[in-house]
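First comes the structure, then the notes that go with it.
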Amino acid sequence: MAPEVVDPPRTMFDKIWAGHLVRDEPGEIPMLYIDRHLTHEATSPQAFAGLRARDLPVHRPETVVAVIDHNVPTTPGRRLIDVVDEQSVLCIETMEDNARDFGVTLLGMDHEDQGIVHVIGPELGLSLPGMTLVCGDSHTSTHGALGIFAVGIGTSEVEHVLATQCLLQHKPRTMSVEIDGVLAPGVTAKDIALAVIGRLGTDGGTNHVIEFGGSAVRALTIEGRMTLCNMAIEAGARAGMVAPDDATIEYVRGRRFAPAGDLFERAAAQWLQLAGDPGARFDTEHRLDLGQLAPQVTWGTDPGMVVDVTGTVPDPAHTSDPEERARLWQALDYMGVEPGERMQDIAVDTVFIGSCTNARVEDLRAAAGLVTGRRVADGVRAIVVPGSMSVRRQAEAEGLADVFRAAGFEWREAGCSMCIAMNGDRLAPGERCASTSNRNFEGRQGRGGRTHLVSPATAAATAVVGHFADARELWQEVR
Amino acid sequence: MESFVQHDGIVVPLLRSNVNTDDIIPARFLKSVRRTGFAAGLFGNWRYLADGRTLDPGFVLNRPQYAGASILVARDNFGCGSSREHAPWALNEYGIRCIVAIGFADIFHTNCFNSGILPITLDAAQIDVLVKSLDSSGPRWRVDLPAQTLTAADGNSYSFAIDPFKKRSLLAGLDNIDWSLAHRSDTLAYERRRRNEAPWLFPTPTE
């Protein structure tokens, strides 16, 4: 009897990759089919202009959805006249023209479904398990939470995908990050993400696709998994992913652009087969036990410069490598903090709750839960910018908006806002901010601004206390 | 796209790790809807004094010996962060044709090729020696893409690796769109097959 042929076990990423190969010939770069293309006004104008110059159509315009998020004002009742400058107006109008001319659905500034591109994709069922998905935006990794190979691309590649429906890319290496541990109340997916980046470093994932697993990841809600995958790019990874499970299926069910009825059941059965096979090998494997993980706060100018909220600013003197020591000193100097300073002694000027990392309804619930019955500390400016207009409506219906407003937070409309500071929401030079966003780079939130990345719970606790605070303690008091 | 074959130019050392694309061009400079107009924003938070206009004489790009630099040498993980292709556009518009580093972030690395910039990866020890040679022999290097070599002013030469497909594109100044459109029949065949496997990815317009 002939021996049974057994295929080698495959990772989730291997399966999705193989299922999307259009062409893979020696000496060439593999052509990968792209199922969904999300686009926004900040990185697409030159791509559409390129199509015009070549007189090319969009290959499958129904797979493309455009949104205006980076340049939009977030002030309630916003109008075009509220847009920060003429150049931003031009970006917005160019997106509107391109969507109309190329037959692409647009969620414009006054659309009820408008929001940050990485919030509205999953929310509307535009992002489905098993897909390949691109966007001209590095935080596209967010969608990987649903078991999607979701990758950020440059504008030339945006043009390439619009024209050909394909991406030319060498197969990345695979990495598993297995995370175990149980989170205490007040400790969230964001804290896991920051702790992971702190351990892997900001280039630990370069040229890899990370599959997150382990008990701590399985226990996360789908929105929590989005926060984790969102930050995969901050570890340098091409993408981050979590295998679809029953929670994924229930998250997707009933969403506007998700399949319905029998087709949904057929799709769901396929999606549940996407998880990696037992015994599948990764090029790189990490296992982290986050046991008693404390809330995390960044002290420096990249997301890997992170400590426990109960900790202190590190001392570069303890670093032997002179180049690394210089880098740490440069970060300390920019941030205006001292080695050995307790994080909880550092006062903030601004608290920003928003961004594609942490502006979903669960994030707002976590923050509002700690704010109820409290007031924003004197001298602190605190703003909440929901990730989408749908999140905003949901938060209003649940009374979260009232909680924020009563505490002295500004309650805004949806957009990228102070995460990237293109729309007029920004820090002044020297201003210090506790931010639920994803990048604490120099000048990211405004030239000279000092950004500390935190979870929504830590941001809320910090807003009411006035300096970095341990959300676990406030949560105890709430109870 | 401009082709890259051989290049002889002044080298500017930006000897930091983790230079991110927000450093290369801060977000407030991203608002042009064209591929040009970004050079003034290059290193916009580092190149200028607090007024945002006066060149900071302390920043390496502004030092007289590096005027007209067209090769940039950096440390590890260059171009991390945002996917903005405006970063290589700004570098290119300023005059940078080649970047030499220990490592590059993935998206930036791809964006360089698509913007006509050659990214060269060398190991840390090689870059240390090359950087030392800037002071002793002068900040001028020669890059030969067909031969895959980088030669310093002191005559020392280093070979570098490059993907053969990307090498051909850069030598010819071609982007990938025409190549992929030439294989459109493969895409259409894939779509026919895929439509049966996963029909929910191909909803009819009425659905």
Side-chain angles (χ1 to χ4, degrees), chain A residues 22-23 27-29 31 33 35 42-43 45-46 49 54 56 59 62 71 85 87-88 90-91 94 128 130-131 136-138 152-157 159-160 163-166 168-170 172 202-203 206-207 236 238 259 263-264 267 270 302 323 327 420-422 429 439 441-444 447, chain B residues 1 15-18 20-23 26-28 30-35 44-46 50 52 75-77 80-86 88-89 103-108 110-111 114-115 163-166 175-177 179-181 183-184 186-187 189-191 194 197-201 203 205:
Chain A
V22 166
R23 184 181 170 88
E28 298 179 4
I29 301 181
M31 267 176 83
Y33 193 81
D35 296 315
T43 58
Q46 299 85 355
R54 293 165 191 260
L56 286 173
H59 177 74
E62 70 275 20
N71 288 274
D85 55 39
Q87 296 162 297
S88 286
L90 183 60
C91 290
T94 301
L128 297 173
M131 274 182 165
D137 194 290
S138 59
I153 58 177
T155 297
S156 294
E157 292 178 301
E159 183 182 343
H160 188 277
T164 70
Q165 206 67 34
C166 291
L168 296 187
Q169 196 167 92
H170 286 294
T202 55
D203 61 354
T206 301
N207 200 21
R238 193 91 54 96
L263 198 55
F264 181 83
Q270 267 194 29
D302 77 43
E323 187 187 327
R327 201 173 75 87
I420 189 161
M422 289 178 79
R439 292 195 171 126
F441 297 157
E442 287 184 24
R444 171 78 179 184
R447 189 176 188 187
Chain B
M1 197 178 75
L15 300 177
R16 306 184 191 195
S17 286
N18 302 318
N20 62 63
T21 52
D22 275 86
D23 296 328
R28 64 181 181 279
L30 302 185
K31 296 183 182 180
S32 169
V33 296
R34 295 175 295 126
R35 273 180 180 254
N45 288 340
W46 293 347
R75 302 295 298 178
D76 206 356
N77 198 27
C80 59
S82 159
S83 63
R84 59 189 69 165
E85 196 165 317
H86 312 66
W89 294 341
F104 293 89
D106 290 339
I107 305 173
F108 180 82
T110 300
N111 287 344
N114 287 332
S115 307
D163 176 79
F165 185 95
K166 292 179 176 176
D175 69 25
N176 298 322
I177 291 178
W179 188 88
S180 294
L181 286 176
H183 297 290
R184 189 184 166 88
D186 291 331
T187 306
Y190 174 86
E191 287 176 340
R194 186 71 173 155
E197 292 169 0
W200 56 90
L201 298 175

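Computed from heavy atoms alone, side chains included, the values below leave out hydrogens, waters and symmetry copies. Numbers restart at 1 for each chain; the letters A, B, ... are given by sequence-line order, proteins then strands.
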**Message:** Please classify the contact of A/Ala163 with chain B as side chain, backbone, both or neither, using a heavy-atom distance under 4.5 Å.
**Reply:** both

**Message:** Closer than 3.5 angstrom, by distance alone: can the side chain of B/Lys31 be matched with the main-chain N or O of A/Leu90 as a donor-acceptor pair?
**Reply:** no

**Asked** So how far is it from B/Leu201 CG to A/Met131 CE, rounded to the nearest 0.5 Å?
**Response** 5.0 Å

**Message:** side chain to side chain donor-acceptor pair (under 3.5 Å), that's the test. Do A/Gln46 and B/Trp89 meet it? Break it down for me.
**Reply:** CA-CA 11 Å; A/Gln46 299 85 355; B/Trp89 294 341; over 6 Å; no

**Message:** Need one label for A/Glu28: side chain, backbone, both or neither, based on atoms under 4.5 Å from any heavy atom in chain B.
**Reply:** both

**Message:** Can you tell me how far apart CD (A/Gln165) and CD (B/Glu191) are? Round to the nearest 0.5 Å.
**Reply:** 6.5 Å

**Prompt:** Looking at side-chain heavy atoms only, is the closest gap between A/Ile153 and B/Ser83 below 4.5 Å?
**Reply:** no

**Item:** Name of the residue among B/Leu181, B/Thr187, B/Asp186 meeting side chain to side chain contact (heavy atoms under 4.5 Å, CB included) with A/Cys166
**Value:** B/Thr187

**Asked** Non-hydrogen atoms of chain A under 4.5 Å away: do they reach the side chain of B/Ile107, the backbone, both or neither?
**Response** side chain

**Prompt:** Applying the side chain to side chain contact (heavy atoms under 4.5 Å, CB included) test to B/Arg84, which of A/Thr155, A/Ile420, A/Asp137 qualifies?
**Reply:** A/Ile420

**Asked** A/Gln169, A/Glu442, A/Arg439: which one forms the most heavy-atom pairs within less than 4.5 Å of chain B?
**Response** A/Arg439

**Message:** With a 4.5 angstrom heavy-atom cut-off, is it the side chain or the backbone of B/Ser180 that approaches chain A, or both, or neither?
**Reply:** both

**Item:** Euclidean distance, B/Trp179 CH2 relative to A/Met31 CE, rounded to 0.5 Å
**Value:** 6.0 Å

**Euclidean distance, A/Arg327 CZ relative to B/Asp76 CG, rounded to 0.5 Å** = 10.0 Å

**Message:** Using heavy-atom distances under 4.5 Å, tell me whether B/Ser115 contacts chain A through its side chain, its backbone, both, or neither.
**Reply:** neither

**Message:** Does any backbone or side-chain atom of B/Phe104 lie under 4.5 Å from a heavy atom of chain A? Answer side chain, backbone, both or neither.
**Reply:** backbone

**Part of A/Ala267 within contact of chain B (heavy atom distance under 4.5 Å)** = both

**Complete:** Honestly, the part of B/Asn114 sitting under 4.5 Å from a heavy atom of chain A is both

**Item:** Interatomic distance, A/His170 atom NE2 to B/Thr110 atom OG1 [nearest 0.5 angstrom]
**Value:** 9.0 Å

**Request:** Heavy-atom distances under 4.5 Å only: say whether B/Asn18 touches chain A with side chain, backbone, both or neither.
**Result:** side chain

**Asked** Taking it one step at a time, do B/Ser17 and A/Glu323 satisfy side chain to side chain donor-acceptor pair (under 3.5 Å)?
**Response** CA-CA 9 Å; B/Ser17 286; A/Glu323 187 187 327; 3.1 Å; yes

**Message:** Using a 4.5 angstrom heavy-atom cutoff, name the option from B/Ala198, B/Gly81, B/Ala105 with the most pairs to chain A.
**Reply:** B/Gly81

**Asked** Under the side chain to side chain donor-acceptor pair (under 3.5 Å) criterion, do B/Arg35 and A/Ser156 qualify, and how do the steps go?
**Response** CA-CA 10 Å; B/Arg35 273 180 180 254; A/Ser156 294; 3.0 Å; yes

**Message:** Just so I understand: if I count every heavy-atom pair under 4.5 Å between each of A/Thr43, A/Asp35, A/Asn207 and chain B, which residue has the most?
**Reply:** A/Asn207

**Request:** Examine whether an atom of A/Arg238 lies under 4.5 Å from a heavy atom of chain B, and if so say whether it belongs to the side chain, the backbone or both; otherwise answer neither.
**Result:** both

**Request:** Spell out, as yes or no, whether a donor-acceptor pair under 3.5 Å connects the side chain of A/Arg447 to the backbone of B/Asn45.
**Result:** yes

**Item:** A/Glu62 side-chain N/O to B/Pro203 backbone N/O, donor-acceptor pair under 3.5 Å
**Value:** no

**Request:** Go through B/Ala27, B/Ala189, B/Ser32, B/Gly44 and name the one with the most non-hydrogen pairs under 4.5 angstrom from chain A.
**Result:** B/Ala27

**Complete:** Applying a strict 4.5 Å limit to non-hydrogen atoms, the region of B/Ala50 in contact with chain A is backbone

**Request:** Using a 4.5 Å cut-off on heavy atoms from C-beta on, say whether the side chain of A/Leu56 contacts that of B/Ile177.
**Result:** yes

**Asked** Can you check whether B/Glu85 reaches A/Glu157 side chain to side chain, under 4.5 Å on heavy atoms?
**Response** no

**Item:** Top contributor to chain B contacts, counting heavy-atom pairs under 4.5 Å, from A/Ala49, A/Cys91, A/Pro172
**Value:** A/Cys91

**Message:** If you count heavy-atom pairs within less than 4.5 Å of chain A, which of B/Trp46, B/Phe108, B/Phe165 leads?
**Reply:** B/Phe165

**Item:** Partners passing side-chain contact (heavy atoms from CB on, under 4.5 Å) against B/Asn20 (at least two apart in sequence or in another chain)
**Value:** A/Phe441, B/Asp22, B/Asp23, B/Cys80

**Message:** How long is the straight-line distance from CG of A/Leu168 back to NZ of B/Lys166, given to the nearest 0.5 Å?
**Reply:** 9.5 Å

**Message:** Would the distance check show the side chain of B/Asp106 and the main-chain N or O of A/Thr206 forming a donor-acceptor pair, the cut-off being under 3.5 Å?
**Reply:** no

**Request:** Select one option (side chain, backbone, both, neither) describing which atoms of A/Thr202 are under 4.5 Å from chain B's heavy atoms.
**Result:** both

